[in-house]
Amino acid sequence: PSIIKGLGYTSLQANYLTIPVYVLSTLTLATATITSDRLKKRTPVLLTMVLPVIAGYVIVSSTSSPAAGFAAMFLCGSGIYAFNCLLLTWVSNNLAPDYKRSVGVPLFICLGNISGIASSNIYPSSDAPRYLVGNAVSAGTESLALVCVLGMWWAFRSRNAGKERLRVEGVESNGKEGDRALGFVYNL
């Protein structure tokens, strides 16, 4: 709402104008999670979800047009929620055994919630109406998220390939447990 209000709308208008953004975000979240489950792959859907977010932040940073800024919020919202949900699922799918997952998932959530602390500092009301710093930082962190997803995909793919080579050679155990065990296959 504060970003939409910064585009020139009143507080009441800004709150009402978030409704279509959240409706699209909800539909995108449902579509992305169903697609990811049917494909049994997270990476392609994660990469698809982060691209409109980056584009949305770039658009809202590069124009003073309220209409373009409002349209950019649809791009941002449609990707942010689905991306975060799928990323949390991907992390939990690739941690084993249960005790490792029970520490890793809350740690991941805590790290993700740091954005709430950062956002209060990168979106000060003095930067209204365009919030250039906040939107530029958000575009940059989403770009970093894209690179990190690619890095995680590469690491998981490499580990799966190494385990597969051992299985083909007839090795029955690599002496490791949990997700590092020979029988565990990382979800890509």
Side-chain angles (χ1 to χ4, degrees), residues 1-4 6-7 17-63 65 67-95 101 104-123 127 130-160 179 186-188:
S2 62
I3 294 172
I4 294 173
L7 297 172
L17 288 172
T18 62
I19 294 169
V21 173
Y22 287 126
V23 168
L24 177 64
S25 299
T26 302
L27 295 173
T28 304
L29 172 63
T31 303
T33 54
I34 290 168
T35 301
S36 176
D37 283 345
R38 287 198 177 151
L39 292 174
K40 300 202 183 316
K41 292 184 189 281
R42 306 280 183 238
T43 308
V45 181
L46 281 165
L47 295 175
T48 302
M49 292 295 96
V50 77
L51 293 175
V53 178
I54 295 168
Y57 282 126
V58 168
I59 290 168
V60 79
S61 296
S62 62
T63 183
S65 166
F70 182 58
M73 292 301 98
F74 282 91
L75 293 172
C76 291
S78 67
I80 288 171
Y81 298 105
F83 182 82
N84 290 340
C85 181
L86 286 173
L87 194 58
L88 178 59
T89 303
W90 196 35
V91 167
S92 65
N93 287 161
N94 288 315
L95 291 174
R101 187 178 303 115
V105 170
L107 179 62
F108 179 80
I109 292 169
C110 286
L111 291 173
N113 284 332
I114 289 173
S115 65
I117 297 168
S119 66
S120 64
N121 293 304
I122 64 172
Y123 284 100
D127 282 355
R130 292 189 44 211
Y131 299 99
L132 289 175
V133 172
N135 290 321
V137 168
S138 294
T141 56
E142 292 294 333
S143 299
L144 178 61
L146 174 72
V147 170
C148 290
V149 165
L150 288 170
M152 288 173 54
W153 170 80
W154 180 82
F156 291 154
R157 189 174 139 257
S158 297
R159 288 180 185 176
N160 281 345
D179 55 67
Y186 292 99
N187 180 302
L188 302 177

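Every value quoted in this text rests on a predicted model; they were computed, and no experiment measured them.
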Run the side chain to side chain contact (heavy atoms under 4.5 Å, CB included) test on Leu88 and Asn84 for me, step by step, so that the C-alpha distance in whole Å, both residues' side-chain angles and the decisive distance to 0.1 Å come before the verdict. CA-CA 6 Å; Leu88 178 59; Asn84 290 340; over 6 Å; no

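- Leu39 contributes atom CG, which lies 12.5 Å from atom CG of Leu188 (distance to the nearest 0.5 angstrom).
- Looking at Thr28, Val21, Thr26 one by one, the single match for side-chain contact (heavy atoms from CB on, under 4.5 Å) with Leu24 turns out to be Thr28.
- Between Ala136 and Ser61, the shortest heavy-atom distance links the atoms N-OG, 3.6 Å.
- A donor-acceptor contact shorter than 3.5 Å links the side chain of Ser36 to the backbone of Lys41.
- Between the side chain of Thr63 and the main chain of Ile59, no donor-acceptor pair closer than 3.5 Å is present.
- At distances below 3.5 Å, at least one donor-acceptor pair connects side-chain atoms of Trp90 with backbone N or O atoms of Asn187.
- Between Asp127 and Ile122 the shortest side-chain heavy-atom distance does not fall below 4.5 Å.
- Remark: Leu75 CG to Leu51 CG distance equals 11.0 Å, nearest 0.5 Å.
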Evaluation steps, side chain to side chain contact (heavy atoms under 4.5 Å, CB included), between Ile109 and Val105: CA-CA 6 Å; Ile109 292 169; Val105 170; 4.0 Å; yes

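- Heavy atoms only, all atoms of each residue included: Ser92 and Thr89 are closest at OG-O, 3.0 Å.
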Does the pair Val50 and Val149 meet the rule for a side chain to side chain contact (heavy atoms under 4.5 Å, CB included), with working shown? CA-CA 10 Å; Val50 77; Val149 165; over 6 Å; no

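- Closest approach of Thr33 and Cys85 over heavy atoms only: CG2-SG, 4.0 Å.
- If you take CH2 on Trp153 and CG on Leu46, they are separated by 13.0 Å, rounding to the nearest 0.5 Å.
- Residues Asn94 and Asp179 fail the side-chain proximity criterion, which asks for heavy atoms closer than 4.5 Å.
- Applying the side-chain hydrogen bond (donor to acceptor under 3.5 Å, both in side chains) rule to Arg159 yields the partners Tyr186; only residues at least two apart in sequence or on another chain are considered.
- Phe74 is linked by a ring-ring contact (aromatic ring centres under 6.0 Å, His included) to Phe70, counting only residues two or more places apart in sequence or in another chain.
- Of all non-hydrogen atoms in Ala82 and Met49, the two that sit nearest each other are CB-SD, 3.5 Å.
- Applying the side-chain hydrogen bond (donor to acceptor under 3.5 Å, both in side chains) criterion to Asp37, with sequence neighbours excluded, gives Arg42.
- Put simply, the side chain of Tyr57 reaches to within 4.5 Å of the side chain of Ile80, judged on heavy atoms.
- Although no hydrogens or angles enter the test, the distance criterion places no donor-acceptor pair under 3.5 Å between the side chain of Tyr81 and the main chain of Leu29.
- Atoms CD and SG, on Glu142 and Cys148 in that order, are 11.0 Å from each other to the nearest 0.5 Å.
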Determine whether Leu95 and Phe108 satisfy the following criterion, side chain to side chain contact (heavy atoms under 4.5 Å, CB included), listing intermediate values before the conclusion. CA-CA 12 Å; Leu95 291 174; Phe108 179 80; over 6 Å; no

